[in-house]
Amino acid sequence: MDLFFLIVCVEWICQEERYTDGVKWRFLEHKGPVFAPPYEPIPGNVRFYYDGKQMKLSPEAEEVATFFAKMLDHEYTTKDIFRKNFFKDWRKEMTPEEKAKITDLSKCNFTEMSVYFKAQSEARKQMSKDEKLKIKEENERVLQEYGFCVMDNHKERIANFRIEPPGLFRGRGDHPKMGMLKRRIRPEDVIVNCSKDSKHPKPPPGTKWKEVRHDNKVTWLVSWNENIQGSIKYIMLNPSSRIKGEKDWQKYETARRLKKCVDRIRNQYREDWKSKEMRIRQRAVALYFIDKLALRAGNEKEEGETADTVGCCSLRVEHINLYPEKDGQEFVVEFDFLGKDSIRYYNKVPVEKRVYKNVQLFMENKQPEDDLFDRLNTSILNKHLQELMDGLTAKVFRTYNASITLQQQLKELTNPDENVPAKILSYNRANRAVAILCNHQRAPPKTFEKSMQTLQTKIDAKKDQLSDARRELKSAKADAKVRRDEKAVEAKKKAVERIEEQLMKLEVQATDREENKQIALGTSKLNYLDPRISVAWCKKWEIPVEKIYNKTQREKFAWAIDMADDDYEF
DNA sequence: ATAGGCACTTAGGACTATCTTC
DNA sequence: GAAGATAGTCCTAAGTGCCTAT
């Protein structure tokens with residue numbers, strides 16, 4: 001299977017030489033998407049009240065009401081924007097009579113609905129083993145039927161073969177569109193992409209596709225328009241597929257090419273800090289930040305359409321503070337802004353004097369809400385990068401710096417004398433250094449404190465157990481002198497060692513968890529770290545790769561697991 | 001240059017399955 | 001075998017970057 005993957009890749013790379021025209025496949029066959037289940041009206045005894053009086057809603061209005069009812073426990077149903085957006089869209093689904101009557105959301109009482117859905121989900125949890133098994137089997141059947149496609153003689157797993165169900169939109173952060181109604185997608189909204197000579201997917205009985213297309217320059221199987229942002233949504237293949245794997249591999253190869261010329265590029269931008277042209281200075285300082293801090297490019301966004309977040313090129317004066325001296329360091333730039341997913345980026349960085357002076361200059365005579373880099377955007381920056389290296393864009397720096405950091409950290413932190421759990425702790429620490437660089441944060445798990453406590457209790461118990469075992473060993477030794485019973489000593493010694501190891505494992509686990517409180521390792525592992533570095537590390541230290549990658553991850557990185565030897569260098 | 005459309009990668013959190021503990 | 005903790009999967013939003021038209 002893996003070998004087959006490699007052969008397919010090699011075959012394709014060979015062809016890449018011949019086709020530079022962006023052909024992605026020659027044959028594509030699939031069964032189309034799985035649609036969201038139709039709305040099931042709630043039982044008659046579950047009532048809705050308006051202004052204290054019971055009211056039966058039309059099915060259309062009722063469905064949207066249930067979306068809100070299901071969210072009642074969430075904080076955002078109390079937010080003004082959410083409520084306003086929801087109410088506006090809900091009213092569009094009402095009959096004229098309902099519309100005339102229901103004019104104030106605060107007079108709506110969804111409590112019975114909410115209670116009903118909670119009971120439902122409780123009931124689902126309480127289902128018997130048999131019932132649960134039945135559901136599992138049905139899911140498996142759907143997966144087998146719709147979850148795979150054939151692309152160029154190869155059966156591939158599809159990532160998201162289910163069409164997104166209707167519901168209320170909840171963007172991240174302070175999103176101006178939160179609460180809007182995400183409409184139900186019907187076959188008539190869907191474009192199907194497959195090859196002409198394949199068995200075309202059939203739309204559900206009595207319906208039609210919007211279009212059947214045969215575009216082999218793209219990788220998607222199904223697409224539809226989404227009504228909140230007006231963007232297009234796609235059904236594509238799983239990361240384990242050839243088409244994704246090859247792209248991933250390419251990404252890391254580009255980053256490795258950057259490694260070869262990064263010194264030259266760094267020298268260049270340092271020179272450019274002195275340029276007499278402001279646009280070049282801005283470009284050079286921005287690139288420095290992208291390189292040093294692994295910031296994202298920062299495309300412009302339409303104001304009012306999304307949450308107010310920025311990346312490097314879209315930084316504003318208000319996101320930066322300058323300190324000639326701070327905490328004993330000179331020329332400190334303080335960053336404080338919301339990045340992708342409204343995750344806060346906060347960092348105080350000492351920079352070179354020249355950078356500092358330049359930033360000062362860029363901020364001169366500007367309002368807080370003005371762009372820091374007013375002569376720069378991602379397109380200008382990327383055009384410049386393209387000239388420095390084929391295929392170079394801003395995001396390549398993130399990949400490069402993440403991967404090189406992992407490699408360096410692994411070298412630095414791995415202690416050859418330590419055992420497997422300690423080595424894995426070192427791996428996680430290396431991974432963590434990258435996650436911190438890339439600002440991959442997570443909300444501390446709700447149960448964090450408690451789970452730390454449980455672990456500590458276990459550690460304490462293990463310590464007691466250890467001192468008991470040691471005491472027993474000692475007395476066994478004393479006994480042995482008298483009765484020449486070496487066997488008993490050996491056994492006790494073994495027991496002590498075993499307990500020591502268990503204790504060590506627990507302590508390592510506690511350290512790892514504590515250090516990981518607000519840091520998410522998954523994103524960098526999945527998207528930024530050349531998997532060959534990790535695979536090589538595992539081979540070198542004889543760590544089973546399963547300790548680093550779970551099943552899904554091993555499938556995604558099959559190409560790397562096959563490819564990398566213990567001496568692989570990024 | 002600028003804007004908009006499109007296709008694709010990257011992202012955190014919700015949800016679910018599985019393991020552990022009582 | 002129930003409950004709670006943890007690991008793994010799913011979901012889909014939110015980015016990047018390229019292309020085309022103006």
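Every chain is numbered from 1, with letters handed out A, B, ... down the list of sequences. Source: prediction; values computed, not measured.
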- Query: What nucleic acid atoms does Ala159(A) come within less than 4.0 Å of, heavy atoms only: base, sugar-phosphate, or nothing?
  - Reply: nothing
- Under a 4.5 Å cut-off applied to non-hydrogen side-chain atoms, are Thr219(A) and Lys247(A) in contact? no
- Message: Classify Glu226(A) by what it touches in the nucleic acid, base, sugar-phosphate, or nothing, heavy-atom distance under 4.0 Å.
- Response: nothing
- Message: Any salt bridge linking Lys134(A) with Glu137(A)? Criterion: basic side-chain nitrogen under 4.0 Å from a carboxylate oxygen.
- Response: no
- May I ask you to say what Ile343(A) touches in the nucleic acid, namely base, sugar-phosphate or nothing, with a heavy-atom cut-off under 4.0 Å? sugar-phosphate
- Note on the structure: The residue, Arg213(A) or Arg398(A), whose nearest nucleotide of DNA chain B is more 5′ is Arg213(A)
- Item | Separation of dA14(C) P from Lys395(A) NZ (nearest whole Å) | 19 Å
- Task: Nearest-nucleotide wise, let me know which of Lys233(A) and Asn382(A) is further upstream toward the 5' end of DNA chain C.
- Result: Lys233(A)
- Using a heavy-atom cut-off of under 4.0 Å over every strand shown, decide if Arg172(A) touches base, sugar-phosphate, or nothing. base
- Task: Using a 4.0 Å heavy-atom cut-off across all strands, classify Ser231(A) as base, sugar-phosphate, or nothing.
- Result: nothing
- So what does Tyr234(A) touch, heavy atoms closer than 4.0 Å: a base, only the sugar-phosphate, or nothing? base
- Scan Thr378(A) against the nucleic acid and name what it touches under 4.0 Å (heavy atoms): base, sugar-phosphate only, or nothing. nothing
- Message: With hydrogens left out and only the distance checked, is there a donor-acceptor pair under 3.5 Å joining Lys340(A)'s side chain and the base of dT10(B)?
- Response: yes
- Item | Electrostatic pair Asp530(A)-Lys259(A), nearest N-O below 4.0 angstrom | no
- Determine the contact category for Lys132(A): base if any of its heavy atoms lies under 4.0 Å from a base atom, sugar-phosphate if only primed atoms, P, OP1 or OP2 are that close, otherwise nothing. nothing
- Task: Using a cut-off of strictly less than 4.0 Å, decide whether Lys136(A) has a side-chain nitrogen or oxygen near OP1 or OP2 of dT18(B).
- Result: yes
- Note on the structure: The answer to which of Ser379(A) and His440(A) contacts DNA chain B further toward the 5' end, by nearest nucleotide, is Ser379(A)
- Message: Are the side chains of Thr77(A) and Phe82(A) in contact, using a 4.5 Å heavy-atom criterion?
- Response: yes
- Item | Given DNA chain C, 5'-ward residue of the pair Arg170(A) and Gly311(A), judged by closest heavy atom | Arg170(A)
- Query: Does OP1 or OP2 of dT10(B) have a side-chain N or O of Thr523(A) closer than 4.0 Å?
  - Reply: no
- Query: With a 4.0 Å cut-off, would you call Glu145(A) and Lys31(A) a salt bridge?
  - Reply: yes
- Ignoring backbone atoms, test whether Asn299(A) places a side-chain nitrogen or oxygen under 4.0 Å from the OP1 or OP2 oxygen of dG15(C). no
- Could you check whether Ala307(A) gets within reach of a base, just the sugar-phosphate, or nothing at all, counting any heavy atom under 4.0 Å? nothing
- Query: So what does Gly522(A) hit on the nucleic acid, given a heavy-atom distance under 4.0 Å: a base, only sugar-phosphate, or nothing?
  - Reply: nothing
- Reckon Pro239(A) touches a base, only the sugar-phosphate, or nothing at all at heavy-atom distances under 4.0 Å? nothing
